[in-house]
J.: 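This is the structure I have questions about; it appears just below.
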Amino acid sequence: MPTDSFDARAFLRSVTSEPGVYRMYDTPGGTVLYVGKAKDLKKRLSSYFRSNLPSTKTRALVAQIGHIEVTVTHTETEALILEHDYIKQYMPRYNVLLRDDKSYPYIFLSDHPHPRLAFHRGAKRAKGHYFGPYPNGGAVRESLHLMQKLFPIRQCEDGFYKNRSRPCLQYQLKRCSGPCTGMISDEDYAQQVKLARLFLQGQSQTVIGQLAEQMEQASMALAFEKAAQYRDQIQALRTVQEQQGVQGHQAELDIIGIHLEGGMACCHLLFVRQGKILGSRSYFPKVPRDTDMDELISSFLLQFYLGGGEERHIPKEIVLNVACDELPALEAMLSERGQGKVTIKTRVRGERAQFQRLAETNARSALSSRLAHKSTVAERFRQLAEALELEQPIQRMECFDISHTMGEKTVASCVVFNAEGPAKPEYRRYNISGITPGDDYAAMGQALKRRYEKVAEADNLPDILFIDGGKGQLSMAEAVMEAALAESGLPQPLMVGVAKGESRKPGLETLILGFTREVIHLPADAPALHLIQHIRDEAHRFAISGHRAARGKARGQSVLESIPGIGAKRRQQLLKFLGGMQELKRASVAELAKVPGISPQLAQKIYDALRT
């Protein structure tokens, strides 16, 4: 039953029977536990407070309710949209959550005298034609690479195109017709653009027919070289048709296969345009226990199609492999948000049924792989807890590493593993400063202090903290952690130093437990050791990538950019007045002060900065 502070009977007496959205809080003004919608708010909310609740999830939710807020809407469609907005804002733990805020990429054919084919992601502001969406950037780049072989249309940037005096290498490779230098007539280029547009719209047979007609005309005019080019283009197109396999006459539609098993769910999307599968992608939304299929379908469609903002493409038709009671309301909502009427179907025949079966098969396969991986990770966690003689299961582990080049741009990394493996959204990097260059002990101490000194809750602490190093690094970590957690009174995590073996080969690592200095050797083939190696290597990789980025940025930056008071205009004035960087470095304070806009005080700052 709800918490003592919440009077369900009094609340239900005042609730309206209008459609709307409700938000359940654990305490008045506290954390949002669940967001829901209803045609009849009174009827829906009354169902939570029956004496015989069948769902474990619902009983656990109701037991924590301290406060409920209601927002009335005019229609059920408005309630669906408002529910999505609240879920995105609060991310309640009892709702199905889909973490997918990315926009999808398109192939863009510009509206220029000599149009350009390009990769595009984001708002469609530029004039031209957009083809897609594609499931990821790799699918777009693969398609653009294919288009270069089929149609010699430029893909270069406009700045590069405008400044050519002779054809580039793409022309020599026969992947561009060289419109920038007049190597092709405007009429012929426009014809290739027209064919490319038809091909991207799925009208391959029309393209082949037009090319065959042009080949015959060229042959009749004795232009055999041009006829041979058309012949090669036709052969390339037919080869592509054979490789693509699935052909048909469907309009744009998304096929969604949904499978729920073992407390996890997979939603597999096939993006079908003009009878061709542009690509596919599997999503694994966060599903609370005892979530039913209706809630999963509704939440996924709502968050997927509304979560990408205005740029998210909503097709005219969506095919699901399972039915849902709320499909009519979802259809109305998507039609209102999309470019026209949207239909959602579950019973289909012919080519749509073929796509439907394919999506369902992929959803089952992807979820099976995910469950197998999860069970493998769980077994590794169990064996590690057993090796370290821990009484409680391991929920969270963290590992730190340091990366620098001769002390330059030191970066520390913190990677996090939970029961499902790497928790990449929780990874952190720390730019280390104020230490002696190359002092790894001080760098590690600074990173640990910054990570743990402001931790207020035990849930934010790891069960195990791995330190990549031997007794020296471990001793330093112990001192820092004792000081960082002294005021909060939180328990110390188990600290484990991971010392490399004599030859630094994987499998020869030694584990050193914090404070006790107990040494543990695990067999080279032990799953627990493989887990430790995984988190250590991930920390190493994350630190190196951060260090390289910081080092590259620093080396590509002018010394002048780091001087306060020197903006782009003054940098340009200095270099222009003195004739370049070498002369600037050799200039005296008096010579620097002669530059327009440079005061004697600023000249002294520049002089000092160039000599540090």
Side-chain angles (χ1 to χ4, degrees), residues 374-402 412-430 444-445 447-486 488-500 506-524 526-543:
K374 186 176 180 180
S375 64
T376 302
V377 172
E379 178 61 18
R380 288 183 174 183
F381 267 68
R382 188 194 66 76
Q383 292 202 22
L384 179 59
E386 187 177 298
L388 299 177
E389 298 180 355
L390 300 179
E391 296 180 0
Q392 299 295 326
I394 301 170
Q395 300 296 332
R396 180 187 178 99
M397 305 188 301
E398 295 183 9
C399 183
F400 283 76
D401 195 23
I402 305 294
S413 71
C414 170
V415 303
V416 180
F417 276 34
N418 58 26
E420 295 183 358
K424 293 190 177 182
E426 298 189 52
Y427 285 16
R428 295 291 181 269
R429 289 194 186 102
Y430 302 93
M444 181 69 76
L448 291 170
K449 184 177 180 182
R450 287 166 63 181
R451 163 66 180 93
Y452 295 109
E453 69 178 352
K454 294 182 180 180
V455 173
E457 298 180 2
D459 289 346
N460 294 328
L461 285 174
D463 299 309
I464 304 176
L465 172 59
F466 289 104
I467 305 296
D468 189 14
K471 294 181 180 179
Q473 287 93 334
L474 192 58
S475 298
M476 175 277 307
E478 290 167 352
V480 172
M481 291 298 290
E482 280 190 312
L485 300 179
S488 64
L490 295 174
Q492 289 282 346
L494 173 63
M495 284 182 273
V496 180
V498 184
K500 297 181 178 66
L508 300 178
E509 291 87 352
T510 298
L511 307 182
I512 307 170
L513 301 188
F515 298 105
T516 66
R517 293 297 183 275
E518 180 184 349
V519 176
I520 297 175
H521 295 279
L522 295 176
L529 182 59
H530 295 165
L531 178 60
I532 294 171
Q533 290 168 346
H534 188 183
I535 191 171
R536 181 201 61 194
D537 293 345
E538 187 70 355
H540 190 55
R541 177 200 64 78
F542 196 57

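In this text, all values refer to a predicted model and were calculated from it rather than measured experimentally. What's counted below: heavy atoms across the whole structure, side chains too, no hydrogens, waters or symmetry copies.
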J.: Return the CZ to CD distance between Phe381 and Glu386, rounded to the nearest 0.5 Å.
T.: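 So the gap between those two atoms works out to 15.0 Å.
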J.: Does any N or O in the side chain of Asn418 come within less than 3.5 Å of the main-chain N or O of Arg396, such that one atom is a donor and the other an acceptor?
T.: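 Answer holds: no.
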J.: Looking at Ala524 and His530, what are the two nearest heavy atoms and their distance?
T.: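 Scanning both residues completely, I find the closest heavy atoms to be O-NE2, 3.2 Å.
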J.: Quick check: do Val496 and Ile467 have side-chain heavy atoms less than 4.5 Å from each other?
T.: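 Counting from C-beta outward, Val496 and Ile467 never come under 4.5 Å.
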J.: Of all the heavy-atom pairs spanning Glu398 and Pro462, show the shortest one and how long it is.
T.: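 The pair with the smallest heavy-atom distance is CG-CB, 3.7 Å.
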J.: Can you sort out the partners of Glu482 under salt bridge (charged side-chain N to carboxylate O under 4.0 Å, His left out), two or more places apart, ordered by chain and number?
T.: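 By the salt bridge (charged side-chain N to carboxylate O under 4.0 Å, His left out) rule, Glu482 matches no residue at all.
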J.: Out of curiosity, Met481 CE to Leu490 CG, how far, rounded to the nearest 0.5 Å?
T.: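 One gets 9.5 Å once the value is rounded to the nearest 0.5 Å.
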J.: Please answer whether the main-chain N or O of Leu529 pairs with a side-chain N or O of Glu509 as donor and acceptor at a distance below 3.5 Å.
T.: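 Looks like no, no N/O pair under 3.5 Å.
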J.: Can you confirm whether more than 12 heavy atoms, excluding those of His540, are under 6.0 Å from its NE2 atom?
T.: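 Counting neighbours around NE2 of His540, 12 or fewer heavy atoms of other residues, nucleotides or ligands fall under 6.0 Å, so no.
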J.: Listing request: all side chain to side chain donor-acceptor pair (under 3.5 Å) pairs with a residue in residues 468-480, at least two apart in sequence or in separate chains.
T.: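 Qualifying pairs, neighbours excluded: Asp468-Lys500, Ser475-Arg517, Glu478-Arg517.
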J.: Taking salt bridge (charged side-chain N to carboxylate O under 4.0 Å, His left out) as the test, write out the residues that go with Arg541, two or more places apart.
T.: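 Partners of Arg541 under the salt bridge (charged side-chain N to carboxylate O under 4.0 Å, His left out) test: Glu538.
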J.: What are the two closest non-hydrogen atoms of Leu485 and Pro493, and how far apart are they?
T.: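 Nearest pair, atom of Leu485 first, then Pro493: CD1-CD, 4.0 Å.
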J.: Do Pro422 and Tyr427 make a side-chain contact, defined as non-hydrogen atoms from C-beta onward lying under 4.5 Å apart?
T.: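 A side-chain contact exists here, since the closest heavy-atom pair is under 4.5 Å.
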J.: Please confirm whether the backbone N or O of Leu511 pairs with a side-chain atom of His521, one donor and one acceptor, at under 3.5 Å?
T.: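 Checking the backbone N and O of Leu511 against the side chain of His521, no donor-acceptor pair under 3.5 Å is found.
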J.: Which atom pair, heavy atoms only, marks the closest approach of Pro491 to Leu461?
T.: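 That would be O-CD1, 3.5 Å.
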J.: Do any N or O atoms from the side chain of Arg429 and from the backbone of Phe542 form a donor-acceptor pair under 3.5 angstrom?
T.: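 Yes, the answer is positive, given that a donor and an acceptor are paired below the 3.5 Å cut-off.
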J.: In Å and rounded to the nearest 0.5 Å, what is the CD1 to CD1 distance from Ile532 to Ile464?
T.: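 Between atom CD1 of Ile532 and atom CD1 of Ile464 there are 7.5 Å.
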J.: Locate the shortest heavy-atom distance separating Ile394 from Asp463; write the atom from each residue and the value.
T.: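 Smallest interatomic distance, heavy atoms only, reads C-OD2, 3.7 Å.
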J.: Judged by atom type as modelled, is there a donor-acceptor pair below 3.5 Å linking the side chain of Asp401 to the main-chain atoms of Ser413?
T.: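 Checked: no pair found.
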J.: With a 4.5 Å cut-off on side-chain heavy atoms, are Arg536 and Phe466 touching?
T.: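 No - every pair of side-chain heavy atoms lies 4.5 Å or more apart.
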J.: Before giving the answer on side-chain contact (heavy atoms from CB on, under 4.5 Å), spell out for Arg451 and Tyr430 the whole-Å C-alpha distance, their side-chain angles and the decisive distance to 0.1 Å.
T.: CA-CA 9 Å; Arg451 163 66 180 93; Tyr430 302 93; 3.4 Å; yes
J.: Report the distance from atom CZ of Arg380 to atom CD1 of Ile535, rounding to the nearest 0.5 Å.
T.: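 Those atoms lie 12.5 Å apart.
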J.: Restricting to non-hydrogen atoms, name the atom on Ile512 and the atom on Ala499 that form the minimum distance, rounded to 0.1 Å.
T.: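 In terms of heavy atoms, the two residues are closest at CD1-CB, 4.3 Å.
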J.: Students often mix this up, so state it plainly: with edges at 30° and 60°, are the rings of Phe400 and Tyr452 parallel, tilted or perpendicular?
T.: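 Answer is tilted, since the angle falls between 30° and 60°.
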J.: Rounded to the nearest 0.5 Å, how far apart are CE of Met444 and CG of Leu474?
T.: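 Answer rounded to 0.5 Å: 10.5 Å.
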